[in-house]
**Student:** 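My questions will all concern the structure given below.
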Amino acid sequence: MAASGTEAAETAAEIADGLISTSSGDEVIKAFKKKTSSGKPCFGSVQVCWAYSTEEAKQIMQKWWPVSGVSGSLHADLPTPKHFEDVVKAMGEPKIPEDSILGPNPGPYVKAIQSLQKNGYDHIYIHQIGPDQEGFLKFFKNELLPLLEKENLVKDTA
């Protein structure tokens, strides 16, 4: 079950097979783990936009994922894609969340994954934003994965 707040995390602990959260902090996962002792899996997410430069990644993210600046609670209340479009239009220039990883430097990717694992997530989903999925996969394979393996942060890449 997906949860963005502590109440939803507690409910997930009681009724779901595991937790999914896009929150990088530890409050949601602490609430989930406090209510369950069964070792249910916890899936965390990090938003990234790989590109050849940080500025290029910023532009791509604003174009391809402008809803990233919409708050978590508002996400739950918007019923249709049109509503999301209206909110994005009203926001003006799309905001990029501070915890998003932008550009070609693997260091911030590693730090974000370490942080999620430290906070208790045992599965991490890397959400690559933008059209250059092949470029990101090459970056992942050639640059990021070796660093993650070196830091002992990888259990399974499937």
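Residues take their numbers from the sequence shown, with the count starting at 1.
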**Student:** List the atom of Met61, the atom of Cys49, and the distance in Å for their closest heavy-atom pair.
**Tutor:** N-SG, 4.1 Å
**Student:** If I compare all heavy atoms of Cys42 with all of Ile29, which pair ends up nearest, and what's the gap?
**Tutor:** CB-CD1, 3.5 Å
**Student:** Flag yes if more than 12 heavy atoms outside Lys40 fall under 6.0 Å of its NZ atom; otherwise flag no.
**Tutor:** yes
**Student:** Judged by atom type as modelled, is there a donor-acceptor pair below 3.5 Å linking the side chain of Gln117 to the main-chain atoms of Leu153?
**Tutor:** yes
**Student:** Check the orientation of Phe136 and Phe139. Use parallel for under 30°, tilted for 30 to 60°, and perpendicular for over 60°.
**Tutor:** tilted
**Student:** Looking at Glu27, I want to see if its CD is surrounded by more than 12 non-hydrogen atoms of other residues, nucleotides or ligands under 6.0 Å.
**Tutor:** no
**Student:** Looking at Gln128 and Asp132, what are the two nearest heavy atoms and their distance?
**Tutor:** NE2-O, 4.0 Å
**Student:** Around atom CD of Gln133, are there more than 12 heavy atoms of other residues, nucleotides or ligands at under 6.0 Å?
**Tutor:** yes
**Student:** For Pro104 versus Glu143, what's the shortest heavy-atom pair and its separation?
**Tutor:** O-OE1, 4.1 Å
**Student:** Counting only heavy atoms not in Asn142, do more than 12 sit closer than 6.0 Å to its CG atom?
**Tutor:** yes
**Student:** Look at Lys138 together with Glu134 and state whether they make a salt bridge at an N to O cut-off of under 4.0 Å.
**Tutor:** yes
**Student:** Is Lys33 reaching over with its side chain to a backbone N or O of Gly120, donor-acceptor style, under 3.5 angstrom?
**Tutor:** yes
**Student:** Given the rule in the ring-ring contact (aromatic ring centres under 6.0 Å, His included) test, do Phe140 and Tyr109 qualify, once you have shown the distances and angles that lead to the verdict?
**Tutor:** CA-CA 10 Å; Phe140 182 86; Tyr109 294 76; 9.2 Å; no
**Student:** Treating Thr11 as the side-chain partner and Glu7 as the backbone partner, does any N or O pair qualify as donor plus acceptor under 3.5 Å?
**Tutor:** yes
